[in-house]
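Reminder, nothing fancy here: chain letters follow the sequence lines and each chain counts from 1. As the structure is a computational prediction, the values presented were derived from the model and not from experiment.
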Amino acid sequence: MLLELVHVSKVFGSTRALSDVSFDVRPGEVHVLAGGNGAGKSTLIKILSGAITDFQGDLRVGGAAVRFHAPQAAVRAGVATLHQELSLIPGLSVLDNLLLGERRSLVSAWRGGAHVAECRTLLERVGLGIDPRRPVETLGLSERQLVEVARALRRAASVLVLDEPTSSLAEPEAERLFQLIAELRAQGKGVVFISHRLDEIFRVADRITVLRDGQVGFSGPASELDQASLVEKMAGRPLDASNAASSPESAGVTLAVSHLASHPELDDVSFELRTGEIVGVAGLQDSGSSALLRALCGASRHQGELTLEGRRFSPDTPRAALAQGVCHLARDRSESVFPARSITENVTLSSLGRLFPTGLLAIRRERALAARATEPLALVASSLAAPAGVLSGGNQQKVALARCLLAEPKLLLLDDPTRGIDVAAKADVHRLVRAAAARGTSVLVASSDLDELLALSDRIVVLFRGRRCAVLSRDAFDRTRLLALAMGAEAA
Amino acid sequence: MKALAWLRTSSGRALVPLAIVVLIGCVFHQNGAFFEWSTHRAMLREISVLGILACGMTLVIVAGGIDLSVGSVMAVAAVSVSLATMPLGLGGGTAAALVVVLGTTLGLVSGALIARFRVQPFIVTLAMMVFARGLAKLLAGGKKVTNYVALPDGSSTTVDLPALFRAIDSKVLGDHVSVVTLIFAGSLLVTWLVLARLTAGRYLYAVGGSYEAARLSGVPVGRTLVLAYALCGAFAAVAGICQAAQETHGDPETGAGYELDAIAMVVLGGTSLAGGRGGVGLTLVGALTLGMLQKILSLNAFSTEARLMLTGGILVFAVLFQRPWQSQQ
């Protein structure tokens with residue numbers, strides 16, 4: 001056994017991220033770790049890589065109990081992790097990045113030359129024929145990802161942990177990576193592989209462990225599962241084909257999207273959005289759902305035909321989109337909330353031009369409008385003059401949503417509107433979105449939370465790798481099928 | 001601790017250094033000189049030009065930028081207003097209006113470069129600082145522009161100082177207030193109006209708080225940045241006119257290093273260099289703190305060297321004090 005986690009539990013505040021999870025890696029095998037969002041995969045990886053040091057249970061390397069007190073300790077023990085987020089330092093050369101964190105004598109750090117040949121060989125192994133002395137910032141995204149792979153390879157004395165390694169790789173580079181994985185397996189090393197893509201999972205897996213709500217839902221040889229049963233294990237319930245419900249009434253079309261593309265995340269997406277309809281966009285991290293929303297609000301360049309209420313719509317800035325009644329709520333709160341400014345100012349910001357066309361503020365009227373707009377939010381705030389930054393995350397999100405709603409949009413674009421907020425705030429956000437839709441606003445909501453989409457949407461558009469792979473109407477909603485589609489299973 | 005809650009507010013924190021400085025003044029009052037109105041009138045007059053620059057700087061800093069060119073733009077204004085009134089003999093009002101337009105244009109250029117190409121404000125305004133200093137020297141022809149003017153026939157004569165200069169350099173309200181101080185007060189008022197009562201002010205705070213959030217919220221980010229630098233240029237021009245009036249000539253070397261004093265006033269008040277927070281009231285407090293301190297040091301006959309060193313030390317102290325306090329558990 002190269003690496004073992006025995007009865008490991010981890011609690012963050014009041015949430016149990018992992019409870020009593022056992023996991024091991026044997027020599028010469030690829031062990032796939034699968035699970036939906038919030039299943040505990042990231043926590044497990046962080047424990048393996050030494051990023052989380054306080055947990056209950058045991059960690060054993062080669063049979064001996066160890067405690068990684070820092071990520072470097074994991075590396076020294078021969079466990080290398082390729083993280084999902086890029087962790088290279090752009091200003092340094094590829095060489096320096098590869099050697100970063102290793103003990104080097106001052107002279108060799110200064111000369112560097114001795115390592116150049118070695119690093120060049122390493123880079124060639126991952127299929128990257130570049131000069132190791134090139135600065136990382138001159139490389140493209142997938143080249144950087146390959147440098148990360150090279151660094152992990154260099155460090156992986158016994159175990160390599162790959163966290164969604166193909167998310168920023170194109171087909172040929174991904175192919176090269178799979179060959180490398182095969183080589184490592186042949187050399188008797190262990191590989192932990194995390195992916196959301198079903199085809200990849202079954203291509204590499206010797207064994208599969210499924211995490212669900214912080215617990216092991218399945219662990220066994222890959223041959224015991226097929227695509228459908230794996231998704232069922234992850235969702236925790238069987239695939240239900242018929243789920244009859246009320247079908248949405250037909251109404252006028254607010255937005256027609258045809259052949260929308262936005263390089264490189266989005267490629268040829270078409271769908272329609274009716275008046276007062278809530279359409280969910282489902283997809284994994286690199287599916288292009290954020291890119292879709294950003295393209296629709298004019299925040300990024302795009303090609304394709306957009307029609308808003310029968311007129312051609314091609315916004316080149318979010319301001320132009322706003323003028324035509326399209327409002328966007330960013331995924332990241334640092335892009336939607338101004339923490340230093342008062343709640344009132346946050347709420348009225350997008351409507352100032354409409355409310356005060358002369359450019360002169362009427363402070364009292366503004367305050368009254370903000371009070372009315374925040375009334376349905378159930379805000380927990382001492383006063384509307386308080387800076388938005390003192391609010392909890394959920395309340396900040398509600399304030400940002402109120403800013404969008406006050407602008408009275410025809411089309412509301414919500415990017416993961418309940419990410420990281422508590423249950424009560426989430427319910428408030430859902431209530432507000434439904435109320436807006438009932439007033440005739442069309443809503444497009446992207447979310448990483450499938451349950452949220454199933455609860456909120458009239459229809460769901462599923463994206464996979466920047467393409468629309470399915471549209472489900474309410475009567476065809478099924479969590480397991482949705483997950484399968486988002487993970488790239490063939491549309492049934 | 002509840003009684004000290006006001007200390008947590010930004011204005012409260014800004015007032016503490018000022019209060020300490022006043023206290024020092026009360027102790028080292030130099031035979032009562034600190035309690036004379038004329039002392040404070042002189043102090044206000046001395047901080048006025050810098051204060052006007054600081055008003056424009058406040059707008060730019062709130063928008064998350066910095067303008068290093070104000071000292072040089074001020075020199076361009078001082079030289080060109082002197083040229084327009086003394087050798088060219090234009091009317092004071094016309095000359096002042098033209099010079100303000102010139103200053104605004106220079107600011108506009110900086111702002112447009114920053115907004116259009118997203119170049120760092122530090123670099124763009126550094127370039128403008130060098131460019132405008134050159135422009136000032138070019139306009140002045142390498143010497144100060146005075147009321148000793150060359151006539152077309154080759155001889156020279158001394159003309160009267162323009163009425164504009166005499167008016168700015170005079171005192172009003174029974175000799176109790178200098179006119180430059182009133183101009184400073186007017187600048188404060190205009191800045192306050194922009195920041196607190198116009199939609200443009202909201203946009204300035206939004207852009208400074210988070211450029212991307214502002215853009216996604218439909219704020220006209222480019223126009224807002226241009227406005228900040230254009231207004232800053234306009235204020236620099238006004239400061240230059242005042243400077244020329246007080247010196248009674250247009251010196252192309254004037255205003256060197258003033259941008260740093262203006263920034264110090266803004267920061268001393270507690271407006272964050274990170275942008276998105278602060279206000280012009282804070283800048284006034286900062287200007288008063290710095291001015292009062294200088295006055296006390298000069299009353300007590302500190303040498304220039306000691307004054308500079310003490311000012312530096314007090315700046316650090318005040319800024320450390322203004323960091324948001326950790327909430328007590």
Side-chain angles (χ1 to χ4, degrees), chain A residues 293-294 297-300 315-342 344-363 366 385-390 396 400 403-404 406-407 409 413 415, chain B residues 2 5 8-11 13 61-64 115-116 118 189-190 192-227 231 270-279 282 322-327:
Chain A
L293 264 54
R294 287 177 65 86
C297 83
S300 58
D316 51 358
T317 61
R319 184 168 175 75
L322 182 70
Q324 299 199 54
V326 177
C327 209
H328 176 262
L329 181 60
R331 175 187 170 82
D332 195 338
R333 266 196 291 284
S334 72
E335 290 182 357
S336 64
V337 178
F338 300 88
R341 307 313 301 166
S342 72
T344 300
E345 288 183 30
N346 268 282
V347 169
T348 56
L349 185 67
S350 291
S351 312
L352 289 176
R354 184 173 56 85
L355 296 173
F356 310 106
T358 57
L360 196 66
L361 297 168
I363 297 291
E366 185 194 17
V390 305
Q396 289 189 22
R403 171 172 59 70
C404 293
L406 185 64
L413 307 166
D415 195 353
Chain B
K2 205 160 194 181
R8 299 268 180 81
T9 66
S10 52
S11 37
R13 285 197 300 258
I61 288 179
V62 160
R116 179 70 185 82
R118 302 286 300 134
L189 193 70
V190 170
W192 174 81
L193 194 76
V194 171
L195 284 177
R197 285 294 179 270
L198 297 186
T199 54
R202 291 294 163 75
Y203 294 155
L204 286 169
Y205 281 111
V207 170
S210 164
Y211 181 86
E212 191 57 17
R215 192 174 82 94
L216 290 175
S217 305
V219 169
V221 281
R223 222 194 307 153
T224 302
L225 281 175
V226 171
L227 175 82
L231 282 175
T271 293
S272 163
L273 273 182
R277 60 178 85 204
L282 298 179
Q322 267 149 13
R323 288 185 309 170
W325 288 12
Q326 302 290 313
S327 60

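- Counting heavy-atom pairs closer than 4.5 Å to chain A, the top residue among B:Gly209, B:Gly218, B:Ser210 is B:Gly218.
- Qualifying side-chain hydrogen bond (donor to acceptor under 3.5 Å, both in side chains) partners for A:Glu345, counting only residues two or more places apart in sequence or in other chains: A:Arg341.
- The choice from B:Ala200, B:Gly201, B:Ala214 that makes the most heavy-atom pairs within less than 4.5 Å of chain A is B:Ala214.
- Contact of A:Leu352 with chain B is made through backbone and side chain together, with heavy-atom distances under 4.5 Å.
- Here the side chain of B:Arg202 pairs no donor or acceptor atom with the backbone of A:Leu349 at under 3.5 angstrom.
- The interface of residues 332-339 of chain A with chain B, defined by heavy-atom distances below 4.5 Å, comprises A:Ser334, A:Glu335, A:Ser336, A:Phe338.
- For B:Leu193, the side-chain contact (heavy atoms from CB on, under 4.5 Å) partners at least two apart in sequence or on another chain are B:Arg197.
- Side-chain contact between A:Leu360 and B:Leu198 is present, with at least one heavy-atom pair separated by less than 4.5 Å.
- Here CZ of A:Arg331 is found 14.0 Å from CG of B:Leu216. Values are rounded to the nearest 0.5 Å.
- Every side-chain contact (heavy atoms from CB on, under 4.5 Å) that A:Ala407 has, sequence neighbours left out, goes to A:Leu322, A:Cys327, A:Ser350, A:Ser351.
- Counting heavy-atom neighbours within 6.0 Å of B:Arg116 CZ, excluding the residue itself, gives a total of 12 or less.
- Annotation for B:Pro220 and A:Arg319: closest pair CD-NH1, 3.2 Å, computed over non-hydrogen atoms.
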